[in-house]
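Residue numbers run from 1 in the order of the sequence given. All values reported here derive from a predicted model rather than from experimental measurement. Counting convention: from 1, in listed order, for ligands and their atoms alike.
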Amino acid sequence: MNTIGFADLKLAPEILRALTESGYSTPTPIQAQAIPLVLEGCDLMAGAQTGTGKTAAFALPMLQKLLPFASTSTSPARHSVRALILVPTRELAIQVEESVKAYAKYSHLRSLVVFGGVDIKTQTPYLKRGVEVLVATPGRLLDHIEMKSVLLNQVQMLVLDEADRMLDMGFMPDLKRILALLPRQRQNLMFSATFSNEIKKLSAEFLTNPKLIEVARSNATAENVTQKVYLVEQADKHVLLAQLLRGSDASQVLVFTKTKLTAGRLAKQLQKEGVAADAIHGDKTQLERMQALEAFKQGTVTVLIGTDVAARGLDIDQLPMVINYEIPHAPEDYVHRIGRTGRAGASGKAISLVSPEEEKYLKEIEKLIKKEIEKETAVVSHAAQNSARTNRAPRGEHSERSQAPRGEHAGRSHARPAAPKKPGHDPWFDKPYEPSASAAAAKQPEQPDGKPKKVVAALFVRRQS
Ligand code: AMP
């Protein structure tokens, strides 16, 4: 059992005070392992799932090492960039810097975050005032370097956070350009949720005799997340999703889609059905994304829909449920996605809606996580969906659900009335939502053999709880 406290890790009183204020009492396993090594000056290759407390694992010893440079002076010369934290997405950048700021609250160390999608001119004056800890997405940092608004010749610590994602997103050339500008003598810390061969190559290239730490089996999914798969036709997924949401008591649900288009349309559709949903994706402005995230954190939006890229790095405390509307084609993304729930020891549910065309990806995921996920064939009621639209129960009241026959399944069949135009295609997204379209869909569906399809309304969530 891990009984050491932060004080045992020899952290400075001003950092300990900030931790107490943040409500941290004991270090998480990654923190207990990483903090002493970073304080010793080692390079680090850390395999840690999201939600393990990895930000504090690098930020706390980093701040401690920078304390001698803390200064109350207003002169920019007294506030050189000493630590650079590179992250793949804007959202993660914001979150990491928020954490750094909180941990540095009682020191005079300055931190700043820069990312793309916002007017670069608004960031420049802050950079020019000087900061010790700079959190940045690679592209925007290069813009600032070109504009000469930042100098990196005093950087002594470099963090590559979510390095696997940086590679996936094609940041390698940007990383190489940035790294070439840093002093050779520096400490490097690399964090990655998954350990691919590319990551091992990257670590061999950028790290010097790194210490390897891994808090959970790489590519493992958190033990405290209940995983479940519903086998369902692509074209039935939106109905099933609405049923799941209506039947769920989860206060917040994060839904993943494959494309920005699906995320946007799904959010609009759910809004029309009275669900407080919003989408977060790359086509939205930074302000819209931040507003959606804030509304989700505050609870005014209960369902947030996003793609992998947009949802990466979201840190919502105690997120109870994640739904994969479409499962990712890269199995590692599944690990990242479901890592959004069950964070910092809390329990969570991860539900995946899997169409016949996606089953091959599901197999890949199961191979990666070395676990078979519980599966159930979903039989979807368009009639129930339609009546729910006209006679909507308030959130938390599940009148249909309580009348639904339990355990009635049509077997492991994906049969549905209107066959999709092509495998995996969802005709529902072809046109903008209009009530008449759903009325047509409410016609009692027929199986290919002419028999009516069984109507089993929204029994899904109850079976899991
Ligand atoms: P991370 O893996 O860095 O994204 O952290 C996941 C969540 O755990 C964040 O909300 C942190 O604030 C929280 N956290 C990190 N370390 C601790 C700790 N030692 N005790 C309690 N919560 C923590």
**Student:** Decide whether Gln95 and Glu91 meet the rule of one side-chain donor and one side-chain acceptor closer than 3.5 Å.
**Tutor:** no
**Student:** Looking just at side-chain N and O atoms, do Glu14 and Tyr103 make a donor-acceptor pair shorter than 3.5 Å?
**Tutor:** no
**Student:** Only heavy atoms of Phe6, strictly under 4.0 Å: list the atoms of ligand 1 that pass.
**Tutor:** 19 (N)
**Student:** Do His238 and Gln269 pair up side chain to side chain, a donor and an acceptor below 3.5 Å, judged on atom types alone?
**Tutor:** no
**Student:** Heavy atom to atom 17 (C) of ligand 1, shortest distance: which of Tyr24, Tyr103, Phe58 holds it?
**Tutor:** Tyr24
**Student:** What are the atoms of ligand 1, with element, lying closer than 4.0 Å to any heavy atom of Thr26?
**Tutor:** 18 (C), 19 (N), 20 (N)
**Student:** Ring pair (Phe, Tyr, Trp, His ring centres under 6.0 Å) with His329: which residues, sequence neighbours excluded?
**Tutor:** Tyr361
**Student:** Quick one: side chains of residues 182-190, donor-acceptor pairs under 3.5 Å with protein atoms, not counting sequence neighbours, listed by atom name and distance.
**Tutor:**
residue: Arg186; atom: NE; partner: Asn188; partner atom: OD1; Å: 2.6
residue: Arg186; atom: NH1; partner: Pro183; partner atom: O; Å: 3.2
residue: Arg186; atom: NH2; partner: Asn188; partner atom: OD1; Å: 3.4
residue: Gln187; atom: OE1; partner: Lys65; partner atom: NZ; Å: 2.9
residue: Gln187; atom: NE2; partner: Val38; partner atom: O; Å: 3.1
residue: Gln187; atom: NE2; partner: Cys42; partner atom: O; Å: 2.6
residue: Asn188; atom: ND2; partner: Asp43; partner atom: OD2; Å: 3.2
residue: Asn188; atom: ND2; partner: Phe206; partner atom: O; Å: 3.3

**Student:** Counting both backbone and side chain atoms, is some N or O of Gly53 under 3.5 Å from an N or O of ligand 1?
**Tutor:** yes
**Student:** Relative to the heavy atoms of Thr52, which atoms of ligand 1 are at a distance of less than 4.0 Å?
**Tutor:** 2 (O)
**Student:** With heavy atoms under 4.0 Å as the rule, classify the contact between Gln31 and ligand 1 as side chain, backbone, both or neither.
**Tutor:** side chain
**Student:** Is the shortest distance from a Lys or Arg side-chain nitrogen in Lys371 or Glu366 to a carboxylate oxygen in the other one below 4.0 Å?
**Tutor:** no
**Student:** Check each atom of ligand 1 against the heavy atoms of Thr55 and keep those under 4.0 Å away; list them by number with element.
**Tutor:** 1 (P), 3 (O), 4 (O)
